[in-house]
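These numbers come from the heavy atoms of this one structure, side chains and all, not from hydrogens, waters or symmetry mates. Small disclaimer: the values here were computed from a predicted structure and weren't measured.
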Amino acid sequence: MKKVIVISTSLRHDSNSHALAEQFAAGAKAAGHQVELISLKGKDIRFCVGCLSCQHTGACIFKDDVPAIMESVLNADVVCWATPIYYYEMSGQMKTLIDRMNAMYPKDYRFREVYLLTTAAEEGAHVPTRAESGLQGWIDCYGKATLKGHIFCGGVGAANEIAGNAKLQEAYALGKSL
């Protein structure tokens, strides 16, 4: 049994990327894994100010929702990120969380497998490449971890437009394959 954390970064009600996250989580649960699905909706996540205090103390100067999320990530075997694509990049809230998790860098971590789930109004293989590249920058800081899979669903701009899309079953299958 693996400990799986799924971080859904969309703040929109009936988010398409959150639907993918739910299916990935459901598949992982069906496979017998322990799953925690965290939505950033309603979370207090402040911007990193670059003070680097966390590199010396192991903790950020800000007291918000990030430390609890970071603890879940540190103790997970699998980390799955779900984000809508805005202007060919990950959501701002995903990038803000990644920046704030700088306090993780000097710490021991369990995760080895990282997955990415992305959605966008625009279709085309090029659409999620910058989001994947941005996440890869984070993964590169954790030498024992690798990006194991990425599902992109284009052509879904309106809320819940992903309903009935085959990518939902693909996300479920990916979660179940862990």
### Message
Please determine whether side-chain contact (heavy atoms from CB on, under 4.5 Å) holds for the pair Thr146 and Glu113, giving the CA-CA distance in whole Å, both sets of side-chain angles, and the decisive distance to 0.1 Å.
### Response
CA-CA 6 Å; Thr146 57; Glu113 300 174 35; 5.8 Å; no

### Query
What about Leu168 and Val35, same hydrophobic cluster or not, with Ile/Leu/Val/Met/Phe/Trp/Tyr joined at side-chain heavy-atom distances under 4.5 Å?
yes

### Residues that His150 engages under side chain to side chain donor-acceptor pair (under 3.5 Å), provided they are two or more places apart
Thr118, Glu132

### Where Tyr172 and Ala30 come nearest, the two heavy atoms and their spacing
OH-CB, 3.2 Å

### Query
Is there a side-chain contact between Val49 and Ile61 (heavy atoms, below 4.5 Å)?
yes

### Message
Starting from Leu74, can I reach Val79 by hopping between I/L/V/M/F/W/Y residues whose side chains sit under 4.5 Å apart?
### Response
yes

### Task
Could you note down all residue pairs passing side chain to side chain donor-acceptor pair (under 3.5 Å) where residues 58-70 supplies at least one of them, sequence neighbours left out?
Asp64-Arg100

### Query
Taking only residues two or more places apart in sequence, or in another chain, which ones meet Phe111 in a ring-ring contact (aromatic ring centres under 6.0 Å, His included)?
Tyr109, Trp138, Tyr142

### Task
Rounded to the nearest 0.5 Å, what's the gap from CZ on Arg110 to CD1 on Ile5? Could you check?
11.5 Å

### Message
Please find the pair of heavy atoms, one from Phe152 and one from Gly124, that lie closest to each other, and give the distance.
### Response
CE2-O, 3.5 Å

### Listed partners of Leu52 passing side-chain contact (heavy atoms from CB on, under 4.5 Å), at least two apart
Gln55, Asn102

### Task
Drop me the distance from Leu174's CG to Tyr115's OH, to the nearest 0.5 angstrom.
5.5 Å

#### Entry: side-chain contact (heavy atoms from CB on, under 4.5 Å) between Ile38 and Ser8, worked out
CA-CA 6 Å; Ile38 296 175; Ser8 177; over 6 Å; no

### Message
For a 4.5 angstrom cut-off between non-hydrogen side-chain atoms, does Leu40 reach Ile69?
### Response
yes

### Query
Any side-chain heavy-atom pair from Leu116 and Thr83 closer than 4.5 angstrom?
yes

### Message
I need the minimum non-hydrogen distance between Cys60 and Ala103, along with the two atoms involved.
### Response
N-CB, 4.5 Å

### Residues in side chain to side chain donor-acceptor pair (under 3.5 Å) contact with Thr119, at least two apart in sequence or another chain
none

### Message
Measuring from atom CD1 of Ile162 to atom CG of Leu20, what distance do you get when rounded to the nearest 0.5 angstrom?
### Response
3.5 Å

#### Entry: salt bridge (Lys or Arg N to Asp or Glu O under 4.0 Å): pairs with one or both residues in residues 162-178, sequence neighbours excluded
Lys167-Glu170

### Query
Between Met94 and Leu135, is a side-chain contact (heavy atoms from CB on, under 4.5 Å) present by the stated rule, with each step listed?
CA-CA 9 Å; Met94 179 173 164; Leu135 180 60; 4.0 Å; yes

### Hphob cluster co-occupancy, Val4 + Ile151, side-chain heavy atoms under 4.5 angstrom
yes

### Short N-O contact, Asp77 and Lys3, less than 4.0 angstrom
no

### Query
What pair of heavy atoms forms the shortest contact from Cys80 to Leu117, and how long is it?
SG-CD1, 3.6 Å

### Message
Return the CE to CE distance between Met101 and Met70, rounded to the nearest 0.5 Å.
### Response
8.5 Å

#### Entry: By side chain to side chain donor-acceptor pair (under 3.5 Å) - contacts of Tyr105 (at least two apart)
none

### Message
Are Trp81 and Met90 packed together at the side-chain level, in the sense that at least one heavy-atom pair is separated by less than 4.5 angstrom?
### Response
no

### Task
For residues 80-93, pull every pair meeting salt bridge (Lys or Arg N to Asp or Glu O under 4.0 Å), keeping only residues two or more places apart or in separate chains.
none

### Message
Strictly by side chain to side chain donor-acceptor pair (under 3.5 Å), give each pair with a member in residues 20-49 just once, sequence neighbours left out.
### Response
His18-Glu22, Glu36-Ser72

### Task
Spell out, as yes or no, whether a donor-acceptor pair under 3.5 Å connects the side chain of Ser15 to the backbone of Arg12.
no

### Task
For Lys95, enumerate each residue passing the side chain to side chain donor-acceptor pair (under 3.5 Å) test, keeping only those at least two apart in sequence or located in another chain.
Asp99

### In one Ile/Leu/Val/Met/Phe/Trp/Tyr side-chain cluster, 4.5 Å: Ile139, Ile7
yes

### Query
If you link I, L, V, M, F, W and Y whenever their side-chain heavy atoms are under 4.5 Å apart, who else ends up in the same group as Tyr86?
Tyr87

### Side chain to side chain, Leu97 and Thr9, heavy atoms closer than 4.5 Å
no

### Message
Contact between Val114 and Lys148 at the side-chain level, heavy atoms closer than 4.5 Å - yes or no?
### Response
no

### Pairwise distance OG1(Thr96) to CZ(Phe47) - rounded to 0.5 angstrom
4.5 Å

### Query
Do Gln93 and Ile45 have side chains that get closer than 4.5 Å, going by heavy atoms?
no

### Task
List in chain and number order the residues that pass side-chain contact (heavy atoms from CB on, under 4.5 Å) with Glu161, two or more places apart in sequence or in another chain; answer none if no residue qualifies.
Asn16, Val156, Ala158

#### Entry: Within 6.0 angstrom of His126 NE2, more than 12 heavy atoms from elsewhere
yes

### Task
Take Phe24 and Leu178 through the side-chain contact (heavy atoms from CB on, under 4.5 Å) test and state the conclusion after the steps.
CA-CA 10 Å; Phe24 183 93; Leu178 301 179; 3.9 Å; yes

